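Note that the coordinates shown come from a computational prediction; the quantities given were computed from them, not determined experimentally. Numbered from 1 within each chain, the chains take letters A, B, ... in sequence-line order.
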Amino acid sequence: MLNNIIEVKNINFKYNDSETKTINNISFNIKTGEWVSIIGHNGSGKSTLIKLLDGLVQLDSGSISMNGDEINEKNVNKIRKNIGLVFQNPDNQFVGATVEDDIAFGLENYQFSRDEMIKIIDNVLDLVDMQKYRKHEPSKLSGGQKQRIALAGVLALNPKILILDESTSMIDPQGRNNILNVIDEFSRKSNMTVISITHDVEEIKLSNRVLLLSNGELVEDTSPEKLFENVKDLEEYALELPFSAQLSKYLIKHKLQLPNRYMNEGELIECIKKLYLKM
Amino acid sequence: MHKEIIFKNVDYYYQHDTPYEYKALENVNLNIPIGSFTSIIGKTGSGKSTLVQMLNVLIKPTNGSIEIDDFKINSKTTNKNLKPLRKKVGLIFQFPEKQLFADSVREDIAFGPLNFGMDESKIDSVVEESLKLVQLPISIMNKSPFEISGGQMRRVAIAGVLAMKPEILVLDEPTVGLDPKGQKFIMNLIHKLHVEQNMTIILISHQMDIVASYSENVVIMHNGKVVAFDTAQNIFSNESLLNKYDLTLPSSIKFYNQLIANQLPLNESVPMHVNQLGDQIIKMFSRGRN
Amino acid sequence: MENFIFGRYMPGNSLVHNLNPAMKILISFYFIVIVFFANNYLTYALLFFLCFISLYLSKISFGFFLKGIRPLILLIIITVLLQLFFSAGGHIYFSFWIFKITSLGLISAAYIFMRFMLIITISTLLTLTTSPLAISYGIEKILSPLKKIHCPVDTIALMISIALRFVPTLTDEATSIMNAQRSRGVDFGNGNLVKRIKSLIPLLVPLFVSAFKHADELSVAMEARGYSPEMKRTKFKSYLIGMNDYISMMLFFVISLMIIFFRN
C-alpha cells in the first residue's frame, strides 16, 4: 500500500505584496500512511506550503497531485474532503455554538444526512474522549479540549490525510500528549497520512520523515534520527535537541566515551549502563 | 519592602450571587518570599491565573486578604490609589502581544511609565533601556508594533512592563506559542532579572522542564486550592504528589529515575535540569565501581 | 459587566427553553407590537401578567432577573425623565424654567416606563432561554420564504450564529486586554469625558486587531472544512413544533384580543 498519496512537482508561489518567492521550486512525494514533519523557522514557507496542499491558495507554477489527481479549481472541493486540517489557534476554527454543532459543521458542508451525522459525531466524540462535553459551549473548554474538538471535526470526515499546522503549540503538555496519542492511534488503524508543521521534538520523534524548509526551499529530506545527528544549529530552524541528545552532548563534552550519534532515551540508558559495568 | 507577599484565607467567586457563580479560589493561604523565584503549577482551570490577578487588584478577594508591602487588599479595597501597587507589581499576561495598541513601539513601551507619572524627559532613556533588556534594536522604536514579527511583538510587550520598573514580576505562561529559541530567550531574560536585579518572580507555567530549571519555590494548585508549597527540589522529589495532581516530571528527573531503575548508583538528590543530571553521571563515573 | 444578562443565554431545560426558536422569536416580536396597543392600566396589567407567567415558566429566578437588567435602569430613567419634563398637557403641578411636570406628562412617563420594562423583559427572556444557535436557526426559518427571491438566508443565518458564538470569546479577550492595560496604569471610566474616551483606545485597538485576526483565520478554517457559500448544506439541528408551541401561541393571541377589547 505504500504508493504516493501526495506528489509535489516543482511548485512555486509568491504573494502579491511580497518581493521574494515564498515557495521556491519544491518537489517531494509522500507515501500513504507516512507521518511527515515539516520544520523550519518562521517565514520559511511552511504554512504556505500547507495552504497550497489544501488548495486554499493557488500555485504560480508546478503541480500537486493527491491520489493521482492533480489539484485544480474544479476538483479542489472533492480533494479537500480527503484532507483534514487542524490549525494553531483553537479559537479561530470553532464555528459551532456547541461541541456537537461544531463537529457537525464539516458534515453539513458535505451534505451528510442528519442520521449519519448523529452516528458519526457519537463515534468521533468517543475517539477524542469528549463525549461528556457534547453540549458544551467553546468558551467553557480549555485550549486542549477545543483542539480535540477541532480534531474530532476533521476526523468525522474520515480524511486520508491529516495536516497539523502547529496544532499543539498553544496548548498545555497534557493536552498535547493527549492529541498526539489520538492521532497516532487513529493513523495506524486507518492508514491515515499525517503531515505536521511543528517545533516540538516529541512530535518530530513520532514521524517517519522530516522535511526542513528554509527561505521557501526544501533543504533537507531526512529521518528524525539523521536530523538530530547531522543538522548543525537546529535552533536556527526553530528546534531544540531531544532530551537524550542534549544529555549525551553534555556528557561527551565532559569526556565520557559515548558514540557520537543520535540515541533515544532507551539507547542512551543502555549505553551508559554498559559503559559503567565495563569499568 | 516587607519580606513576604501574604495570602490569608483567600476565597474568590466569579459572578458572585448569580446562577453563573463558581468558586475559583478556596481558602488560599500562601506566603511568597520577596526576592524569590516562585512558580505556580497545576492543571488548566485550577485557579492559577485568578490567583495572580489579585496581586494587581484586577480582582479582589471575595473573602480573606492579601498583603503586599504596605498594601492590604480585601473585598472592601476601593479602586482608588491602586497605582503605586500596580507600579510595584508588573503583570505579564498570556500572549502579552495582544495588549499592544500604539502607533509606534516607543509609544507602546512608554505607555505604562507615563501612566504612572514618569517624567516625559526620562522616557526616551527608559524605552531604550527596556529595548536593550529584551535585546531588540533601538531602531525598532519608530516602527508600528503591528508590522514586526510575532516573537518581536512579545518582546515589545514585555519591554512595556519592564519599563515600569516593577519590583515584583508576575508572568502567566510567557513562553507559550514561541519556538524553542524564543522560549529560551524569555526564560534567560527572566532569570537575569531575578539574579541581577533581585526581582521577585512569580511564574505560571505548564512546562515542568522550565519550572524545575529556574524556580526556587513551587506552588501546586488544584481546584482552586493551594495543595502544596515547597522548594522546587522537594516538590519534584515527590513523584506521588505530582502524579496525584496529574502533573508530569521534568525530563531530567524522568531520565534520572530510569537510570536508578537500572541500578546505576547516582545516589544524589534529583537533578533539576539536564546539566545537573550530566554532572551526576560524570561524578558516578569518576567515583568508579567498588 | 459580569452581572449584565441582557443578550446572554442561560442553559436550562424549562418549558420556555424548549419552545421552538422560530416561534419564540415571532411571539416576542408579536408581543412587542401589542405593547404599543396597550393604553390603560388594565391592558398593561394583562401584559405584565403574561411576562410574569413566561418568566415563571422559564424557571429563571426573579431576583437574578431583576439584578441582571439593573444596568439598563439608567437608560430607562433618562427616557422617563425626558417624557416627564417635556410632555405638556393637562394640569400643571410644577414648573421651573423650561421644565414642567404636568398630569399628562406623569401619565405618559408611567406608560413609557412600563413599555420599557415589558420590552426588556420579553427580549431578555428570549435570549436567556434561547441559545445563539437556536436564534439563528429561528431567524433562518422565519426568513426562509425569502430564499425564493434568491436572498442568501442560510449564509446570513450562519453569519449571525458565528457572530454570536464569538461574543464570549471577544468578551473574554476584552476583559484580559482591559486587565493588561489596567496593570499598566490605565483607569477605565475615570476622569472627564475626553479622558474616558481616550482611555478606551488601548482597549479598542487590540480588540479590533484581534477580531480581524479571528475572522481571517476562521474564514480559512471554514473553507478547509469544505464550506462554500454557493453549495447546498444539510442541517444537523432540527426543531419540531409541539403542543407547547401551539398553547403559547394561543395564550399570546388571546391576551392580544383582550387588549384590543379593553383598550380605550
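The most heavy-atom pairs under 4.5 Å with chain A, out of N275(B), I281(B), I282(B), come from N275(B). Most heavy-atom pairs under 4.5 Å with chain B, from the set T168(A), T198(A), D172(A): that is D172(A). Between chain B and the options G175(A), S169(A), S244(A), the largest number of non-hydrogen pairs under 4.5 Å is found for S169(A). Here P173(A) is the residue among S248(A), S142(A), P173(A) with the most heavy-atom pairs under 4.5 Å with chain B. Of the residues considered (G151(B), P265(B), G150(B), G45(B)), P265(B) shows the highest number of contacts with chain A, using heavy-atom pairs under 4.5 Å.
Heavy atoms of Q246(A) lying under 4.5 Å from chain B belong to its backbone as well as its side chain. Neither the backbone nor the side chain of S205(B) has a heavy atom closer than 4.5 Å to any heavy atom of chain A. Using a 4.5 Å cut-off between heavy atoms, K254(B) makes no contact with chain A at all. Using a 4.5 Å cut-off between heavy atoms, M284(B) touches chain A through backbone and side chain atoms alike. At a 4.5 Å heavy-atom cutoff, L234(A) makes no contact with chain B through either its backbone or its side chain. Proximity to chain B (any heavy atom under 4.5 Å) is restricted, for L239(A), to the backbone atoms N, CA, C and O.
Checked against the 6.0 Å centroid criterion, the rings of F95(B) and F93(B) do not qualify as a close aromatic pair. Y276(A) and F285(B) have their aromatic ring centers within a separation under 6.0 angstrom.
Each of I190(B), I186(B), L169(B) was evaluated against I158(B); a single residue qualifies, I186(B), per the side-chain contact (heavy atoms from CB on, under 4.5 Å) test. The side-chain contact (heavy atoms from CB on, under 4.5 Å) test with I103(A) singles out one residue from L151(A), I149(A), V154(A), and that residue is I149(A). A side-chain contact (heavy atoms from CB on, under 4.5 Å) with I41(B) holds for exactly one of L247(B), L203(B), T248(B); it is L247(B).
Counting only N and O atoms by type, the side chains of S104(B) and N142(B) include no donor and acceptor under 3.5 Å apart.
R134(A) has a carboxylate O that lies under 4.0 Å from a charged side-chain N of E100(A), or vice versa, which qualifies the two as a salt bridge. No salt bridge links E229(A) with K226(A); every basic N to acidic carboxylate O contact stays at or beyond 4.0 Å.
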